[in-house]
Amino acid sequence: MVIRRTVAAGSGKGPLLYRDAGTLETRSGGGCLSLFGMPFLLAGLFVMTVPLGIIPFENRPEGPLISVLIVLFGSVFAVVGAVLVLGRSGIILDRGRGRITEWQGLIVPMRRVEHMLDAVRHVEMNFSAGDSDTADTWPVKLAGEGITKPITVAQPTDFAEARRVAEELARFLRKPLVDTSTGERVTRDP
């Protein structure tokens, strides 16, 4: 049974979905990202077919070296497009099993990394200043001694949204929330 109560997680990560009372999940990929990747995939496939003669072309390139270069150039676009169209990732927090599962794949999970839930000591909320090309974000992460690199759960571009996600994670995991987004380290109980 999937409980559809959600909390917006923002910017690249989907909403926090409660599968049941002890399992929380976030997913990313698909949707608008797939639409963005479709032109890359189609352009790459089109360019790859030109030297093969599949699509009739008046001034088709001659010579094996040029044909190989064109196929390689097209394949780069096709691979980038395929990853954007088919790429998916997510995080599953399972209190029942005591595990955190990070996964990535193309449509279905292909790579999984598991961490012990007991290794998480706190939920972190930071501030990451953007530049001229990227927006400011407030990353929400899970951190602890047993986790070599903090696990980023969400990167909202809105402070209030980041705060909601961080508080929801802290309540779910029953761990303190460490907020350093204002320049001071403030620790709050779940």
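Hydrogens, waters and symmetry mates play no part in the numbers below; they use all other heavy atoms, side chains included.
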**OP:** Keeping to residues at least two apart or across chains, list the ring pair (Phe, Tyr, Trp, His ring centres under 6.0 Å) pairs with something in residues 163-190.
**Re:**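 Sorted pair list: Tyr18-Phe172.
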
Taking all non-hydrogen atoms of both residues into account, name the closest pair between [X] and [Y] and its distance.
| X | Y | result |
| --- | --- | --- |
| His115 | Glu102 | NE2-OE1, 2.9 Å |
| Ile147 | Ala119 | CG1-CB, 3.9 Å |
| Ser34 | Gly30 | OG-CA, 3.2 Å |
| Val165 | Ala154 | CG1-CB, 4.2 Å |

Distance in Å, [X] [atom1] paired with [Y] [atom2], rounded so as to fall on 0.5 Å steps:
| X | Y | atom1 | atom2 | answer |
| --- | --- | --- | --- | --- |
| Asp118 | Arg99 | CG | CZ | 10.0 Å |
| Cys32 | Leu84 | SG | CG | 12.5 Å |
| Arg27 | Ser89 | CZ | OG | 11.0 Å |

Joint cluster assignment, [X] & [Y], ILVMFWY side-chain distance < 4.5 Å:
| X | Y | value |
| --- | --- | --- |
| Phe127 | Val123 | yes |
| Phe77 | Val85 | no |
| Val83 | Phe73 | no |

By side-chain contact (heavy atoms from CB on, under 4.5 Å) - contacts of [X] (at least two apart):
| X | value |
| --- | --- |
| Leu86 | Leu106, Ile107 |
| Arg112 | Thr101, Trp103, Pro109 |
| Ser128 | Thr137, Pro139 |

**OP:** State whether Arg164 and Glu167 are salt-bridged, where the test is any N-O pair (Lys NZ or Arg NE/NH1/NH2 against Asp/Glu carboxylate O) under 4.0 Å.
**Re:**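 No, Arg164 and Glu167 are not salt-bridged.
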
Original post:
With the threshold set at 4.0 Å, does a side-chain nitrogen-carboxylate oxygen contact exist between Arg163 and Glu161?
Top reply: no

Are any of the side-chain heavy atoms of [X] and [Y] separated by less than 4.5 Å?
| X | Y | value |
| --- | --- | --- |
| Thr23 | Leu93 | no |
| Leu24 | Leu169 | yes |
| Leu142 | Val153 | yes |
| Thr180 | Met125 | no |
| Asn126 | Val140 | no |

**OP:** Output every pair passing salt bridge (charged side-chain N to carboxylate O under 4.0 Å, His left out) with a member in residues 132-148, not counting sequence neighbours, ordered by first then second residue.
**Re:**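 Residue pairs with at least one partner in residues 132-148: Arg121-Glu145.
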
Original post:
Does any pair with a residue in residues 88-98 pass salt bridge (charged side-chain N to carboxylate O under 4.0 Å, His left out), and if so which ones, sequence neighbours excluded?
Top reply: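 Qualifying pairs: Arg97-Glu114.
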
Subject >> Hydrophobic cluster partners of Val68 (side-chain heavy atoms under 4.5 Å) >> reply: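 Noted: Val68 shares its cluster with Leu72.
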
Subject >> Co-members of the apolar cluster containing Met116 [side chain, <4.5 Å] >> reply: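 None; Met116 is a cluster of one.
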
Subject >> side chain to side chain contact (heavy atoms under 4.5 Å, CB included) between Val120 and Ile100, intermediate numbers included >> reply: CA-CA 9 Å; Val120 175; Ile100 301 169; 3.4 Å; yes

Subject >> Worked check of side chain to side chain contact (heavy atoms under 4.5 Å, CB included) between Thr26 and Leu17 >> reply: CA-CA 6 Å; Thr26 183; Leu17 283 173; over 6 Å; no

Donor-acceptor pairs are to be reported for all side-chain atoms of residues 35-47 against protein atoms at under 3.5 Å, with residues two or more places apart or in another chain.
none

Subject >> side-chain hydrogen bond (donor to acceptor under 3.5 Å, both in side chains) partners for Asp131, two or more places apart >> reply: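 If we apply the side-chain hydrogen bond (donor to acceptor under 3.5 Å, both in side chains) test to Asp131, skipping adjacent residues, the hits are Thr134.
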
Original post:
Can you name the side-chain hydrogen bond (donor to acceptor under 3.5 Å, both in side chains) partners of Arg111, sequence neighbours left out?
Top reply: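 Arg111 satisfies side-chain hydrogen bond (donor to acceptor under 3.5 Å, both in side chains) with Gln104 once adjacent residues are dropped.
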
Subject >> Contact list for residues 181-190, test side-chain hydrogen bond (donor to acceptor under 3.5 Å, both in side chains), sequence neighbours left out >> reply: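 Qualifying pairs: Asp179-Ser181.
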
